[in-house]
Amino acid sequence: MKRLRRLEEYLFRFLMGLSLVIVLGSLMLILGTMLWRGLPSLSLAMLTQVPKGGYYLGEEGGILNAIVGSLCLAGGATLLALLLSLPVAIYLHTYAGCSRAAHLVRLAMDVLWGIPSIVYGAFAFTIMLWIGLRASLLGGIIALACLELPIIVRGMDEAFRLIPSALSEASYALGATRFETATRILLRQATAGLLTAVLLAFGRGIGDAASVLFTAGYTDRLPDSLLRPVASLPLAVFFQLGTPFPAVQQRAYAAGLVLTVIVLTLSVVARWLSRRLMHHVVR
Amino acid sequence: MGDRPHIEVQGLSVWYGGQQALKDVSVAFPAHGITAVIGPSGCGKTTLLRSMNRLLETSGEVRISGRVLLDGTDIYAPKVDVTEIRTRIGLLASKPFPLPMSIYDNVLYGPRIHGLCRRDNADATVERYLRAADLWEEVRDRLQSPAHALSTGQQQRLCLARALAVEPEVLLCDEPTAALDPISAQRIEDLLRGLKRHMTIILVTHILRQARRLADFVVFLWLGELVEAGPAEQVFNNPCNERTRAYLMGDIG
Ligand SMILES: Nc1ncnc2c1ncn2[C@@H]1O[C@H](COP(=O)(O)OP(=O)(O)OP(=O)(O)O)[C@@H](O)[C@H]1O
Ligand SMILES: [Mg+2]
């Protein structure tokens, strides 16, 4: 009996170690591949120049078009999604509570979260056809915002739910309205959670290829108008890796590396920022 | 008692989902002085208290019937502005919850949302109410530091200052010393004793000795029903009801 329990304990420890190795190992493998293939092709020119020599198959130049394009797309989409989802999240928490309507909205958000991004792309494309908008920065922003909306709403909803109800009650008991309580207490208390939600959404947005495929198009130029096509890093990887030219493929690896670095930097900044913002938060 | 009650509860019943927490409670709370609400755990003390500033309705599935009159007007009447009710009836909860901001901003939270705080009298307001809650000397040098950095006892006094800053006529206290050490509890008791001269205090407590020390009137609840209410002297020394007597003797509860 005693030996059996020891064996059980041993086996369990082994399994936990194994899963840890698998998780960390695959992360290392991905990062390693990106570095190994991307680092040699990463140069100053790659980061500061747009591709030269005819459409995106030219061999000279860099990926600045895709870097700036992706930042504009994901930045714009995150801003738009944030503006739309903040009222929804506040409504869910302070006004709807656990009513049927709130339940339905949460369910809808979960379903939306699970929808593949190519479907968002197609959806946004249909709308663009209706309103006569061609593949453009604006189109891409709309598609990505749809993709990011459920992520931000659910993330904020969870952040609000972690707040003890006694804190809102303390505000209500002083004669505050729901709106005052939401804007002056809840937003402040949930800042770290809100920031995490926003950055999660930004990361998903900047890394997504399928939803910008039809909606944002691709170009060698830097973005200069909301109504013109823009390049993006995921599509830079997708198009350029598919060409038979090693010099063009190199740009794909560099783009992949840059994308990874952007997302990693963001999560580090987010952590630092949320610690700063937690100054007044009640724990 | 003589004059008109400040708060009068009439036929109040409260259900959480299917479970009834208060059963047809009718009781009057006289103006000024401290009324202690006592009774065993789960008898509905908190429920009664939260019905009086309409905080009950913020928590999930609650059904309320009956009336609660504040100076003769029903606070559950359809046209009543609930924020005004909550401004006139303050609350001191059992566990202090400072708002996520500085000590200074905590005190001004109420005055600011009610537009009572002018730029030139803000400092004076903060000082006045921190003094009223006997906290000024301890925090005068760190008014801008986060409120949650205070000790629990100090936090509770900050919550009192915050409640007083909107100038309520009634102060509801739900076991305000439950989370505190004896010295901090003593200070809160002293403050309440001082405040009762110009406000009506309703104090929920499960500490009978605290009720004896502070109360002018006593309300005894038992399983959601009102058993006895009257002047402290009479209820403690000469209770009319058998159950009150047994509870005070420590036989039930
Ligand atoms: N939010 C709630 N949901 C469901 N039932 C509740 C809720 N709050 C209280 N109750 C129930 O209502 C009854 C009265 O609760 P209440 O909190 O008023 O008691 P209390 O006298 O304050 O007790 P204590 O001395 O332990 O604080 C209890 O049976 C309790 O289980
Ligand atoms: Mg209670």
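In what follows, chains are A, B, ... by sequence order, proteins preceding strands, each numbered from 1.
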B/Arg50, part contacting chain A, at a heavy-atom distance under 4.5 Å: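 When you check distances to chain A, only side chain atoms of B/Arg50 fall under 4.5 Å.
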Taking every non-hydrogen pair under 4.5 Å, which of [options] racks up the most with chain A?
options                            : value
B/Thr83, B/Leu92, B/Ile85, B/Val82 : B/Thr83
B/Arg88, B/Arg162, B/Glu84         : B/Arg162
B/Leu91, B/Thr87, B/Leu55          : B/Leu55

Side chain to side chain contact (heavy atoms under 4.5 Å, CB included) between B/Leu70 and B/Ile89: does it pass, once the steps are laid out? CA-CA 9 Å; B/Leu70 173 63; B/Ile89 305 183; 3.9 Å; yes
Steps toward side chain to side chain contact (heavy atoms under 4.5 Å, CB included) verdict (B/Val62, B/Ile64): CA-CA 7 Å; B/Val62 187; B/Ile64 304 162; 4.0 Å; yes
Quick check on [X] against chain B: is it the side chain, the backbone, both or neither that has a heavy atom closer than 4.5 Å?
X        : answer
A/Ser171 : both
A/Arg178 : neither
A/Thr177 : both

Suppose the criterion is ring pair (Phe, Tyr, Trp, His ring centres under 6.0 Å): which pairs have a residue in residues 140-198 of chain A, not counting sequence neighbours?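 Counting only pairs at least two positions apart or across chains, the ring pair (Phe, Tyr, Trp, His ring centres under 6.0 Å) contacts touching residues 140-198 of chain A are A/His93-A/Phe160.
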Could you pull out all residues at least two apart from B/Glu189 that satisfy salt bridge (Lys or Arg N to Asp or Glu O under 4.0 Å)?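 Here the qualifying residues are B/Arg213.
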Taking B/Asp105 first and then B/Arg112, would you say they form a salt bridge - that is, a charged N and a carboxylate O separated by under 4.0 Å?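 Salt bridge: yes.
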Candidate pair B/Leu214 and B/Ile201, rule side chain to side chain contact (heavy atoms under 4.5 Å, CB included), full reasoning: CA-CA 10 Å; B/Leu214 293 176; B/Ile201 296 178; over 6 Å; no
